[in-house]
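Everything on this sheet refers to the single structure shown next.
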Number of protein chains: 2
Amino acid sequence: MTNSALAEATQSYHHGNLRRELLKQALEHLKQVGPDKISLRALARDIGVSQTAPYRHFPDKNALLAALAAHGHRQLTEVTQAAVDAAEDDAQKFIDIGLAYIDFARANPELYKLMFGPVLESPMEFPELVEAGQRAFAMILTVIQEGINRKHFVQDDARILANGAWSMVHGIASLWIDGMYRCADGTFPSDETHLDETVIANSLKLLVNGILYKGE
Amino acid sequence: MTNSALAEATQSYHHGNLRRELLKQALEHLKQVGPDKISLRALARDIGVSQTAPYRHFPDKNALLAALAAHGHRQLTEVTQAAVDAAEDDAQKFIDIGLAYIDFARANPELYKLMFGPVLESPMEFPELVEAGQRAFAMILTVIQEGINRKHFVQDDARILANGAWSMVHGIASLWIDGMYRCADGTFPSDETHLDETVIANSLKLLVNGILYKGE
DNA sequence: ACCACCATGTTTACAATGAAAACTTTACTC
DNA sequence: GAGTAAAGTTTTCATTGTAAACATGGTGGT
């Protein structure tokens, strides 16, 4: 068994392939207790390994969380890219892309909080994370630039359009996740989850209306 | 000195009026170390009081943070209300209100993170906080409703307009605070803080354009 | 086949934290 | 002036992140 790939696949090696297992368990714990309360020791305990074993794979807790966040960014980019590819070339396209992004955030709230919240320290120091972020932004920029080329937009500064679109989508996702989306009377929606998509889509439309060039 | 109001005003009582002092120091620590790393013990130490003294004024750490967040919401509502009052009745009005909100977030990033981030646990259990949030939303609704009454908007569902506007503003504030606002090439702005207002205002305009009724 | 090495885990240890429990002090009330 | 309840203290405990020193076992060079 000199093949390390085989070693990874099986249960062998010294004590299993920990790094993968750690990230898997971390994601599980993340979903259950939220990003703040993740404990390295609890992870190690649940995996059945010593409390300091994780430090052979990550310099510290923050680094593990960063790896988790990077994975999340890649996933998010994936689902958004899928929406981009599937979309027809009209206004609905932008709505659909936004909805895909927001759906991911709603389906993985704790992960999303980790990715964009203040839990992670000095995220810019993790190349993996920075690259994932740039990839996501590049994707948005591509879509935007296409729109600019086709003269779909009221303005042709890609930076403003991309940041504006991202802000809107991120804002909706954040507020919704934190339960801050409100009814007209200031109270919170009870359980009409079937209305969500419509409400969100309508909010998105506001921005799309502001961006799209309305041919006379 | 039977007057408890006087007692609060002066330095007297048992060992000074702690509650006020705690919140003050907490705000200071918040600015310096961020919401995650605030430590009750450090607060007590800096004030010169025993480590468990805070527990006579707040049931736990979370409650202290909630009080801090509530204070932040009141401040935020205040500055935004001021912008509402100062604004003339045209499109620029909405830009100005949004900018005031975002300026507060940029001036008090750690406080803003505490108010809207995932740090605070079960925020809905703090009536003080819930009320502050409702007051803020009510203010937005008032402005929106006025606009609806004057037929300024392309749509008359106040909930959608208010949530949409808030999402946009919150999204911009969050991304900016976390340093995720990007240049057109996907990199981050270096130090052109003088350009900020313009860039932000332009993003805001995208939404305002989408909301305002454009009389033929 | 041997042996030295390095990656991976373990044991032990330490300091910081949030919080509970029991005790002490002080200001105000009757 | 005694008693009471609020405000503060001391002591204690479990949990956490992480450093340091040690153990182990698979691998590669000779």
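Atoms considered below: every heavy atom in the structure, side chains included; atoms not considered: hydrogens, waters and symmetry mates. Sequence lines set the chain letters: A, B, ... in the order given, protein chains first and strands last, and positions in each chain run from 1.
For Phe58(A), the ring-ring contact (aromatic ring centres under 6.0 Å, His included) criterion is met by no residue, not counting sequence neighbours. Residues satisfying the side-chain contact (heavy atoms from CB on, under 4.5 Å) test with Ile160(A), not counting sequence neighbours, are Gln155(A), Asp157(A), Asn202(B), Ser203(B), Leu206(B). Applying the side-chain contact (heavy atoms from CB on, under 4.5 Å) test to Pro109(A) and every residue at least two apart in sequence or in another chain returns Ile177(A). Residues forming a ring-ring contact (aromatic ring centres under 6.0 Å, His included) with His71(B) (at least two apart in sequence, or on another chain): none. Listed by chain and number, the residues in a side-chain contact (heavy atoms from CB on, under 4.5 Å) with Lys93(B) are Ala87(B), Asp89(B), Asp90(B), Ile97(B), Val143(B), Glu146(B) (sequence neighbours excluded).
Glu110(B) and Lys37(B) are not joined by a salt bridge, as no carboxylate oxygen comes within less than 4.0 angstrom of a charged side-chain nitrogen.
Here the C1' atom of nucleotide dT24(C) and the CZ atom of Arg56(B) are 11 Å apart, to the nearest Å. One can place CZ of Phe58(B) at 16 Å from C1' of dA19(C), the figure rounded to the nearest angstrom. When the C1' atom of dG18(C) is taken as reference, atom CG of Leu43(B) falls 13 Å away, rounded to whole Å. The interatomic distance linking Asp46(B) (CG) with dA16(C) (P) rounds to 14 Å, in whole Å. At whole-Å resolution of the value, CZ in Arg19(B) and P in dG8(D) are 12 Å apart.
Proximity of His57(A) to the phosphate of dG9(C): a side-chain N or O atom is located under 4.0 Å from OP1 or OP2.
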Sequence-aligned protein contact record of nucleotides 13-18 of chain D, with B where the base is within under 4.0 Å of a protein heavy atom and S where only the sugar-phosphate is: ---BBB
